[in-house]
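Reckoned from all heavy atoms, side chains included, excluding hydrogens, waters and symmetry mates. In what follows, chains are A, B, ... by sequence order, proteins preceding strands, each numbered from 1.
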Number of protein chains: 2
Amino acid sequence: MSEKREIFRKYISQQGLKLTRQRQVILDEFLRMEAHLSTEELYLKVRKKHPHIGYATVYRTLKLLAECGLAKERDFGAGQTLYEVTHRGQHHDHLICTECGEIIEFEDLRIEELQKQVAKKYDFTIRDHRLEIYGRCSKCSSS
Amino acid sequence: MSEKREIFRKYISQQGLKLTRQRQVILDEFLRMEAHLSTEELYLKVRKKHPHIGYATVYRTLKLLAECGLAKERDFGAGQTLYEVTHRGQHHDHLICTECGEIIEFEDLRIEELQKQVAKKYDFTIRDHRLEIYGRCSKCSSS
DNA sequence: GTTACTTTGATATTCAATTTCACTGGAGGG
DNA sequence: CCCTCCAGTGAAATTGAATATCAAAGTAAC
Ligand SMILES: [Mn+2]
Ligand SMILES: [Mn+2]
Ligand SMILES: [Zn+2]
Ligand SMILES: [Zn+2]
């Protein structure tokens, strides 16, 4: 938590930017959330305690957080981009329930390895990837 | 080709819809294209021979084609949805060059199998999935 | 305090996706 | 072959998220 604030502080100063009150408030509120949330959702959260902070500032701060690696932008095809806190650089992919919207995170190193093999076959240099599995979660299947 | 027209015809009639000139023109033009194309691109193609056909009709017909399984909707995160012709139900995933936009298709049954294992672990019923690998193609890497 | 910035936040703009609605035209029944 | 009805069409409007704009406010160095 505090370690992440430090990362942000350093990034801000490296870039010649300023550590403003708004940015700190937004960062704190973002770190407090778990799971995946949209700019709109974070904006509404922030707004409760700090009604003066504007949508544009939340939007720009989330971009900053993504730049410095504290946040990961996710587009699950639901019309709006979601953000999530990145935990010590660990990568993961998602199972997404199209019924109730639940998002389950998973990692599978075997799949990651096979992706590398595929890329190699086509002489392709991987920068990033996304694997999303859509369907029904256990709760929605049983009901 | 003709077989696909038949599939469309059947779907249309099953749904109590009408096989209009516009829909046939759009279907034919769509089947003639290879690779991935946007609604806009197909619209422009169609327009050349049939300037009277509107964008909304192309848009709606692509939705129909997706519904009956002749087309697959793809969102590669580039701001607009792309469509591609589905060839005899074969699934594939994509390597996407973020430099030049080239899209390479691949299938890897081992990855597909591992996805099933992951889903099973979480008691999740797979309906669909997307795996996209972003990076640089061989051409862009060498230059 | 003055200067030279950056940041903020209300608002405007963009752009694809989608909807609207008055007019048109397939297709089945006669 | 003609009717009639209801789905289809297409120009235009609307939506909604993402992003840009810009005047006012804030910040830090001089
Ligand atoms: Mn996640
Ligand atoms: Mn493809
Ligand atoms: Zn569910
Ligand atoms: Zn390339």
Side-chain angles (χ1 to χ4, degrees), chain A residues 8-9 11-30 36-68 71-83 101, chain B residues 5 8-30 36-68 71-83 101:
Chain A
F8 187 59
R9 189 189 311 275
Y11 180 77
I12 287 289
S13 101
Q14 271 173 14
Q15 300 293 310
L17 305 176
K18 288 169 184 171
L19 189 63
T20 64
R21 234 173 318 120
Q22 288 91 330
R23 284 174 177 167
Q24 293 181 67
V25 164
I26 294 164
L27 169 63
D28 286 351
E29 205 60 52
F30 175 65
H36 312 78
L37 85 172
S38 65
T39 308
E40 178 73 18
E41 285 167 336
L42 183 57
Y43 168 61
L44 292 176
K45 271 282 186 212
V46 165
R47 206 169 212 258
K48 285 184 183 171
K49 292 183 188 171
H50 306 270
H52 55 92
I53 294 183
Y55 180 89
T57 304
V58 174
Y59 165 77
R60 285 181 294 228
T61 304
L62 276 172
K63 288 280 176 198
L64 276 180
L65 292 174
E67 277 171 39
C68 72
K72 174 83 179 165
E73 242 173 277
R74 298 280 188 185
D75 175 9
F76 293 144
Q80 57 182 4
T81 304
L82 302 182
Y83 289 84
Chain B
R5 281 202 209 113
F8 188 58
R9 188 189 311 275
K10 277 184 185 166
Y11 180 76
I12 287 288
S13 101
Q14 272 173 13
Q15 300 292 310
L17 305 176
K18 289 169 184 173
L19 190 63
T20 63
R21 233 175 317 121
Q22 288 92 330
R23 284 174 176 168
Q24 294 181 67
V25 164
I26 294 164
L27 170 63
D28 286 352
E29 205 59 52
F30 176 65
H36 311 79
L37 84 173
S38 64
T39 308
E40 179 72 19
E41 284 167 337
L42 182 57
Y43 167 62
L44 292 175
K45 271 284 185 210
V46 164
R47 206 167 212 260
K48 284 184 183 171
K49 293 184 186 171
H50 306 270
H52 53 93
I53 294 183
Y55 180 90
T57 303
V58 174
Y59 164 78
R60 285 181 291 228
T61 303
L62 276 172
K63 287 281 175 197
L64 275 180
L65 293 174
E67 277 171 40
C68 73
K72 173 85 179 165
E73 244 174 276
R74 298 281 189 184
D75 174 10
F76 294 145
Q80 57 181 5
T81 304
L82 302 182
Y83 289 84

List the atom pairs, with distances to 0.1 Å, where a side-chain N or O of residues 17-24 of chain B and a protein N or O form a donor-acceptor pair under 3.5 Å, not counting sequence neighbours.
residue	atom	partner	partner atom	Å
Thr20(B)	OG1	Arg23(B)	N	3.2
Arg23(B)	NH1	Lys18(B)	O	2.7
Gln24(B)	NE2	Thr20(B)	O	3.4

### Task
For His52(A) and dA25(D), give me the distance from atom NE2 to atom P, rounded to whole Å.
15 Å
#### Entry: Residues which pass side chain to side chain contact (heavy atoms under 4.5 Å, CB included) with Thr39(B), listed by chain and number, not counting sequence neighbours
Tyr55(B), Val58(B), Tyr59(B), Leu62(B), Tyr83(B)
### Task
Can you run down the salt bridge (charged side-chain N to carboxylate O under 4.0 Å, His left out) pairs that involve residues 45-65 of chain B, sequence neighbours left out, and say none if there aren't any?
Lys63(B)-Glu73(B)
Considering only nitrogen or oxygen atoms on both sides, find all protein atoms under 3.5 Å from nucleotides 14-18 of chain D and state each distance.
residue	atom	partner	partner atom	Å
dA18(D)	OP1	Thr81(A)	N	2.7
dA18(D)	OP1	Thr81(A)	OG1	2.8

### Query
CD/Gln80(A) to CG/Leu37(A) distance, rounded to the nearest 0.5 angstrom?
9.5 Å
### Query
Taking CG from Leu37(B) and C1' from dA16(C), how many angstroms apart are they, rounded to a whole number?
15 Å
### Message
How long is the straight-line distance from CD1 of Ile26(A) back to CG of Leu65(A), given to the nearest 0.5 Å?
### Response
8.5 Å
### Task
Starting at NZ of Lys72(A), measure out to NE2 of His36(A) and round the result to the nearest 0.5 Å.
11.0 Å
### Five-pair end axes of the helix from dG1(C)-dC30(D) to dG30(C)-dC1(D) and the angle they enclose, rounded to 10°
20°
### Message
Counting C-beta onward and ignoring hydrogens, is there a side-chain heavy-atom pair between Leu27(B) and Leu64(B) closer than 4.5 Å?
### Response
no
### Task
Please state how far atom CG in Leu62(B) lies from atom P in dT18(C), giving the value in whole angstrom units.
11 Å
### Query
Between dA16(C) atom C1' and Tyr43(B) atom OH, what is the distance in whole Å?
14 Å
### Query
Once you round it to whole Å, what is the distance between P of dG25(C) and CD of Gln24(B)?
15 Å
### Query
CD of Gln14(B) versus C1' of dA27(C): gap in Å, rounded?
18 Å
Pairs under 3.5 angstrom, nitrogen or oxygen only, protein versus nucleotides 4-8 of chain D, please.
residue	atom	partner	partner atom	Å
dC6(D)	O2	Lys18(B)	NZ	3.4
dG8(D)	OP1	Arg23(B)	NH1	2.7
dG8(D)	OP1	Arg23(B)	NH2	2.8

## Note on the structure
Rounded to whole Å, the CZ-P distance (Arg47(B) to dG10(D)) equals 11 Å
### Summary
Taking every heavy atom of Ile53(B) against every heavy atom of Thr57(B), the minimum-distance pair comes out as CG2-CB, 4.4 Å
### Task
Kindly compute the distance separating CG (Leu82(A)) from CG (Asp75(A)), expressed to the nearest 0.5 Å.
8.0 Å
### Query
Mapping Ile53(A) and Tyr83(B) to their closest nucleotides on DNA chain C, which lands nearer the 5' end?
Ile53(A)
### Task
Let me know the distance between CD of Glu73(A) and C1' of dT19(D), rounded to the nearest Å.
12 Å
### Query
What are the two closest non-hydrogen atoms of Phe8(B) and Cys68(B), and how far apart are they?
CD1-SG, 4.1 Å
### Task
May I ask you to say what Arg21(B) touches in the nucleic acid, namely base, sugar-phosphate or nothing, with a heavy-atom cut-off under 4.0 Å?
sugar-phosphate
